[in-house]
> 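Once you've had a glance at the structure underneath, I'll fire off some questions.
The sequence lines fix the lettering, A, B, ..., with proteins before strands; numbering per chain opens at 1.
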Amino acid sequence: MVFNIQSPKQLGHVLFEKLQLPVQGKTAKAGGFSTDVKVLKKLSAFPQKTPGLVLRYRTLAKLKSTYLDALVRMADPDTERIHTSFNQTVAATGRLSSSNPNLQNIPIRGVEGREIRRGFIAEEGCVLLSADYSQVELRVLAHYSGDEPFTRAFERGEDIHSLTAGEILGVERGGVTPEMRRIAKAINFGIVYGMGPQKLSEEVGIGAKEARLYISSYYEKHKGVEEYKNEMIKMAREKGYVTTLLNRRRYLPDILHENRVIRAEAERMAVNTPIQGTAADLIKLAMIRIAGRLGKENFNSRMLLQVHDELVFEVVNGELDALKHMVREEMETVYPLKVPLKVDMGHGKNWGEAH
DNA sequence: ACAATGGTCC
DNA sequence: ACTCGGACCATTGTA
């Protein structure tokens, strides 16, 4: 059977009409057969080899076309370096975005993905330093909500996902398995943005009833989180916008829309934007201060990239200790919250090693 | 040139 | 119909 493996339309025909595999879903706009990674993973359980092979092909083709080919093509012939654009007025939450090329979505997962990241190498006589905020969005949530268990955990430097696992699964700390932690992590990230039991059960592979129990248990333990959500939705309804900690606004014209799907979407934005946007405010302010000190203190090292909660520096040999100290200081004390901000750092000859 | 689909990141 | 948010980009297929 000859077909274009890169055409979802042709692939759908092959999988679901020729091979008679069970249809897992339809595409949103045109109503064709869905063939995305989730579908193909399910189909991999059947004897037919095609789904697994297509998955593998997709992974490698993505890396080649979007990263290998494109990045090499975009290298400046003079400097032999890749220069991105950082856009300040694109993302509605106040985040930066990066384009031509986007250096904020360089692969890191998977063996081959990591290889791509290892292709970003420091100049001779330099190393790359990566400094990233640990759990910054959950810390911002703890700040806004005043949630007691989260606040206490961050003050004590505890693992927040393990804490959540212990709470909702009712086990002692120490009895939390990696699987339990994985579920708790999905809940921590999903719930605060309005994820429901349906999605949660899919996400972590548990029953819908179980998911419902976890969610109610979560809110039982974290009343502050529920209050925070209600407050943000109320603010959006009354003022027409929500704000971040440093007073960035996002207007939400659909917050009173008659269509509940559209209205619910606006409500999730009302909950998420102050968190994501505040995290963006914090790292931007830290960048300004770091840039100032790089100049004033005569560093030869340079700030290269921002990836939402991470800053990447090219560090001249001999400056590493001083730069790490300065960067940590500015990032962690940028704008004190009710909970501490924590920065993790790593360095190496390439960006993969720096993580 | 544009819509649809899919995939990469935080 | 049934819920996480925010981006950018490659490819196919149609206009």
> Between A:Phe189 and A:His161, is the ring centroid distance below 6.0 Å?
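Ring centres of A:His161 and A:Phe189 closer than 6.0 Å.
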
> Who pairs with A:Thr177 by side-chain contact (heavy atoms from CB on, under 4.5 Å), at least two apart in sequence or on another chain?
A:Glu179, A:Met180

> Just call it for A:Glu137: base, sugar-phosphate, or nothing, with non-hydrogen atoms closer than 4.0 Å on any strand.
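No contact.
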
> Contact class for A:Thr273 vs. all strands (heavy atom < 4.0 Å): base, sugar-phosphate, or nothing?
nothing

> Which whole-number value in Å describes the distance from A:Ile233 CD1 to C:dG5 P?
13 Å

> Indicate whether OP1 or OP2 belonging to B:dT5 is found under 4.0 Å from a side-chain N or O atom of A:Thr27.
yes

> Out of C:dG13, B:dT8, B:dC9, which nucleotide sits closest to the side chain of A:Lys9?
C:dG13

> How many Å lie between OH on A:Tyr228 and P on C:dG5, as a whole number?
14 Å

> NA contact type, A:Val90, heavy-atom cut-off 4.0 Å: base, sugar-phosphate, or nothing?
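Counting heavy atoms under 4.0 Å across all strands, the contact made by A:Val90 is with sugar-phosphate only.
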
> Among C:dA7, B:dC9, C:dG5, which nucleotide sits nearest the side chain of A:Ala91?
C:dA7

> Reckon A:Asn4 touches a base, only the sugar-phosphate, or nothing at all at heavy-atom distances under 4.0 Å?
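Sugar-phosphate contact only - A:Asn4 comes under 4.0 Å of backbone atoms but never of a base.
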
> A:Ile116 CD1 to B:dC9 C1': how many Å, rounded?
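In whole Å, B:dC9 C1' lies 13 Å from A:Ile116 CD1.
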
> So which one's nearest nucleotide on DNA chain C is more toward 5', A:Asn105 or A:Arg95?
A:Arg95

> The side chain of A:Gln10 is closest to which nucleotide in this list: C:dC4, C:dG13, B:dC9?
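From the listed options, C:dG13 comes nearest.
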
> Linking Ile, Leu, Val, Met, Phe, Trp and Tyr through side-chain heavy atoms less than 4.5 Å apart, which residues share a cluster with A:Val23?
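Members other than A:Val23 - counting any ILVMFWY side chain reachable under 4.5 Å - are A:Met1, A:Phe3, A:Ile5, A:Leu11, A:Val14, A:Leu15, A:Phe16, A:Leu19, A:Leu21, A:Phe33, A:Val37, A:Val39, A:Leu40, A:Leu43, A:Phe46, A:Val54, A:Leu55, A:Tyr57.
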
> Just checking, is any N or O donor in the side chain of A:Glu167 or A:His222 under 3.5 Å from an acceptor N or O on the other one?
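Yes, because at least one side-chain N or O of A:Glu167 sits under 3.5 Å from a partner of the opposite role on A:His222.
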
> Scan A:Asn102 against the nucleic acid and name what it touches under 4.0 Å (heavy atoms): base, sugar-phosphate only, or nothing.
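Sugar-phosphate, backbone atoms only, no base.
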
> Answer with base, sugar-phosphate or nothing: what part of the nucleic acid does A:Ile108 contact at a heavy-atom distance below 4.0 Å?
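Sugar-phosphate, backbone atoms only, no base.
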
> Nearest of B:dG6, B:dC9, C:dG13 to any side-chain atom of A:Asp36?
B:dG6

> Between C:dT11, C:dG6, C:dA7, spot the one nearest the side chain of A:His308, thanks.
C:dG6

> Once you apply a heavy-atom cut-off of 4.0 Å, does A:Lys29 come out as touching a base, just sugar-phosphate, or nothing?
sugar-phosphate

> Categorize A:Gln6 for me: base, sugar-phosphate, or nothing, with a 4.0 angstrom heavy-atom threshold over every strand shown.
sugar-phosphate

> Which nucleotide wins on minimum distance to the side chain of A:Arg117, given the candidates C:dG5, B:dC10, B:dG6?
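Closest nucleotide to the A:Arg117 side chain: B:dC10.
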
> Pick base, sugar-phosphate or nothing for A:Ala280, based on heavy-atom distances below 4.0 Å to the nucleic acid.
nothing

> For A:Lys342, look at atom NZ and say whether over 12 heavy atoms of other residues, nucleotides or ligands are found less than 6.0 Å away.
no

> Can a side chain N or O of A:Arg109 be found less than 4.0 Å away from OP1 or OP2 on B:dC10?
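For B:dC10, OP1 or OP2 has a side-chain N or O of A:Arg109 closer than 4.0 Å.
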
> Atom CD of A:Gln104 and atom P of C:dC8: how far apart are they, to the nearest Å?
9 Å

> Which nucleotide, B:dA4, C:dG6, B:dT8, lies nearest any side-chain atom of A:Lys62?
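Among the listed nucleotides, the one closest to the side chain of A:Lys62 is B:dT8.
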
> Round to a whole Å and report the spacing from CG of A:Leu71 to P of B:dC9.
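The distance from CG of A:Leu71 to P of B:dC9 comes to 13 Å, rounded to the nearest Å.
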
> If you measure from the C1' atom in C:dC4 to the same atom in B:dA4, how many Å do you get, rounded?
23 Å

> Look at the side chain of A:Ala70 and decide which nucleotide, out of B:dT5, C:dG6, C:dA10, has an atom nearest to it.
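Output: C:dA10.
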
> So which nucleotide from B:dT8, C:dG5, C:dC9 ends up closest to the side chain of A:Ser99?
C:dC9

> Which nucleotide wins on minimum distance to the side chain of A:Val307, given the candidates C:dG5, B:dC9, B:dC10?
B:dC10

> How is A:Arg263 classified with respect to the nucleic acid when contacts are heavy atoms under 4.0 Å: base, sugar-phosphate, or nothing?
nothing

> Could you report the tightest heavy-atom contact between A:Phe154 and A:Leu138, atom names first, then the distance?
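A:Phe154 and A:Leu138 have their closest heavy atoms at CE1-O, 3.6 Å.
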
> In plain terms, say whether A:Asp159 and A:Arg181 are close enough for a salt bridge, that is, a side-chain N and a carboxylate O under 4.0 Å apart.
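Yes, charged N to carboxylate O under 4.0 Å.
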
